[in-house]
Amino acid sequence: MSGGGCSIVWFRRDLRVGDNPALAAGVRAGAVIAVYIWAPEEEGHYYPGRVSRWWLKHSLAHLDSSLRSLGTSLITKRSPDSVSSLLEVIKSTGATQIFFNHLYDPLSLVRDHRAKEVLTAQGIAVRSFNADLLYEPWEVNDAHGHPFTTFAAFWERCLSMPYDPESPLLPPKRIISGDVSRCPSDTLVFEDELEKASNALLARAWSPGWSNADKALTTFINGPLIEYSKNRRKADSATTSFLSPHLHFGEVSVRKVFHLACIKQVLWANEGNKAGEESVNLFLKSIGLREYSRYMSFNHPHSHERPLLGHLKFFPWVINEGYFKTWRQGRTGYPLVDAGMRELWATGWLHDRIRVVVSSFFVKVLQLPWRWGMKYFWDTLLDADLESDALGWQYISGTLPDGRELDRIDNPQFEGYTFDPNGEYVRRWLPELSRLPTEWIHHPWNAPESVLQAAGIELGSNYPLPIVGIDAAKARLQEALSEMWQQEAASRAAVENGTDEGLGDSSESTPIAFPQDIQMEESHEPTRNNPPPVPRQYEDQMVPSMTSSLLRVEEEETSLHLRNSAEDSRGEVPTNVNVNQQAGGDTLNHGVLQTVHSNTRPYYDTAIGIRSSAEDSTAESSSVSRRERDGGVVPVWSPSSTSFSEQFVGDENGICNQFILLAEAPSVSPIDELEAVIPNWTLAARIGGSQKLQ
DNA sequence: AAGATGTTCTA
DNA sequence: AGAACATCT
């Protein structure tokens with residue numbers, strides 16, 4: 001295995017030196033070549049947003065300097081294709097093995113599988129590890145060996161597993177560098193000049209990099225954690241952990257977080273500090289949600305673009321780009337929502353509670369397609385994370401068995417008084433309402449004219465009237481829901497009559513395209529299980545891989561393929577965090593971040609590689625099975641290993657396919673299939689076919 | 001003591 | 001919105 005050659009450690013979203021199993025393995029094996037490959041085209045629609053790239057840039061610089069102090073450096077490569085870059089690095093360094101840590105988003109599952117196939121074929125030893133989760137998704141199953149479908153059950157199981165999560169590894173003391181003299185780094189460009197200006201303020205609030213992540217963790221554990229249960233639902237309290245971006249980029253390991261929190265919990269439990277103990281439970285639960293997001297993504301890889309509950313695909317979403325824009329700009333007329341949206345745009349950050357408020361408003365009041373909202377979060381959040389965001393939006397949209405009720409509308413006015421009782425949060429982000437008394441701050445439309453006047457507010461002029469009334473929204477939601485159920489019943493009837501072919505397809509398999517608007521803005525706006533049989537010994541061989549197989553024609557994804565690159569810009573948002581602002585004037589002042597309105601963000605929709613619809617007759621799917629690989633038992637990744645579930649209202653087809661696939665899976669060359677799929681965005685759709693059971 | 005009213009929670 | 005729980009009278 002080790003031979004004479006050195007090892008490549010392929011960094012991805014594990015930008016840390018401590019508790020990094022891939023790095024540790026590389027160091028153990030001898031000389032190391034640390035590599036990071038920037039290949040955003042592989043991400044398709046999920047090209048990272050501006051602030052996310054800012055973070056990445058700094059995190060990589062931080063990692064590089066740490067590696068240098070340990071004796072090596074980070075080789076960076078700019079590439080349209082990670083796997084070919086790896087091959088290049090192998091060629092120029094004579095590396096004979098490669099180590100990396102697992103990722104669980106659908107794009108990575110495909111890419112990593114392919115990497116493994118290709119590299120192995122080249123005689124390279126490939127080993128991968130769990131560095132991102134307490135337990136691998138395939139380790140956590142119910143009494144029947146099936147994956148859980150609700151969070152509570154999942155998390156309960158995680159907390160009562162027969163073995164503990166791995167203990168965090170110490171960072172290496174020294175790294176012997178492989179010979180990189182013939183392997184120059186590419187300079188990676190993560191932001192253009194305009195973006196640089198827009199990002200200028202971020203460094204005041206955030207410090208990317210693993211050692212800063214460690215500091216943030218320690219600060220939180222020793223500080224706000226104990227009060228977490230009390231404080232966690234105030235919109236602007238600085239009592240959250242602020243770990244999410246660090247966790248997203250793997251700057252701190254979740255095991256370490258878990259470890260430290262558990263130690264505190266034991267301590268507080270011994271002291272009889274009930275509140276402290278409960279705080280840890282709540283904090284760990286949010287870590288659990290992150291775990292669950294990976295779990296869901298692994299088990300249902302199309303969960304970032306399809307509702308997990310089948311009937312939701314019949315929901316008549318309101319396709320109204322004007323609404324969408326109004327929401328993004330924070331001009332809905334609901335102060336709590338607007339404050340949140342403006343904070344998001346200005347800072348790339350939102351308190352968890354406010355994320356729920358704005359997304360719930362988006363889905364239930366505006367009834368816009370949730371994927372639009374999710375995409376906007378992706379573009380703007382500093383901690384944008386595909387798996388977490390997909391879980392969040394699905395939860396909000398009522399598309400999970402344990403999500404919020406579909407027909408429940410959260411009223412931002414009432415939420416305002418619970419999350420922001422004194423209106424401070426609203427006043428900070430909506431300067432035009434800064435003089436409005438608390439009594440009216442969350443429902444200015446009810447305020448007496450005299451009060452509004454005194455506050456310098458003219459509704460409909462310098463602050464909008466509610467874009468949609470809550471009552472109207474409720475009525476419209478009821479209609480939409482009954483329409484949805486009708487459609488669903490009709491579709492089911494059609495299936496029973498055997499006339500289903502094609503009928504349901506248009507509605508169910510063609511996700512609503514993103515609006516042009518999110519990419520392009522008009523110009524007048526300033527733009528801008530039972531225990532696993534062999535629990536431990538194969539830990540570092542658990543390579544999630546994907547097997548695809550022939551299924552049937554089910555997908556015709558036309559609309560999604562043709563996406564133009566375009567300019568992404570935002571509605572104007574006040575970014576002047578300092579409160580005082582002229583109350584007059586709809587024109588919001590231009591704060592620092594706003595000096596740049598328009599960030600051009602290319603969309604790499606590699607429409608090349610999309611197959612014709614004839615070829616589309618092969619829709620990927622895969623199955624769960626265990627098979628030998630590299631001497632280790634490897635679960636083969638499966639999207640629909642779900643025999644549970646009346647909850648995931650399935651059509652029987654979905655379930656049947658599952659078993660058919662199990663039989664058929666090995667007959668098709670995964671790579672051939674996968675290559676056509678790599679342009680990602682369509683991946684999930686293809687994998688799932690039109691099964692409802694997702 | 002039982003009923004009304006209020007509070008908190010929901011992945 | 002509605003259940004579960006807590007507090008008041």
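Values reported hereafter were calculated over all heavy atoms of this structure, with side chains retained and with hydrogens, waters and symmetry mates removed. Chain identifiers are assigned alphabetically (A, B, ...) following the order of the sequence lines, protein sequences preceding nucleic acid strands; residue numbering begins at 1 within each chain.
A salt bridge is absent between Lys474(A) and Asp407(A): the closest approach of a Lys/Arg side-chain nitrogen to an acidic carboxylate oxygen does not fall below 4.0 angstrom. Of the charged side-chain nitrogens involved, at least one lies within less than 4.0 Å of a carboxylate oxygen, so that Asp410(A) and Arg408(A) count as a salt-bridged pair.
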If you look only at distance, which donor and acceptor atoms sit under 3.5 Å apart when one is on a side chain in residues 262-269 of chain A and the other is two or more places apart or in another chain?
unit_1: Lys264(A); atom_1: NZ; unit_2: Asn222(A); atom_2: OD1; d: 3.3
unit_1: Gln265(A); atom_1: NE2; unit_2: Glu277(A); atom_2: O; d: 3.0
unit_1: Gln265(A); atom_1: NE2; unit_2: Asn281(A); atom_2: OD1; d: 2.8

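Residues that satisfy the side-chain hydrogen bond (donor to acceptor under 3.5 Å, both in side chains) test with Tyr395(A), not counting sequence neighbours, are Arg404(A). For the side chain to side chain contact (heavy atoms under 4.5 Å, CB included) test, residues two or more places apart in sequence or in another chain that qualify with Trp485(A) are His311(A), Glu488(A). Partners of Tyr292(A) according to the side-chain hydrogen bond (donor to acceptor under 3.5 Å, both in side chains) rule, which considers only residues two or more places apart in sequence or in another chain, do not exist here.
Shortest non-hydrogen contact noted between Thr150(A) and Asp402(A) is CA-OD2, 3.2 Å.
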Between the protein and nucleotides 1-6 of chain C, are there any N/O to N/O pairs under 3.5 Å, and if so, what are the atom names and distances?
unit_1: dA1(C); atom_1: N1; unit_2: Arg408(A); atom_2: NH1; d: 3.4

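With a cutoff of under 4.0 Å to any heavy atom of chain A, the contacted region of DNA chain B is bounded 5' to 3' by dC9(B) to dA11(B).
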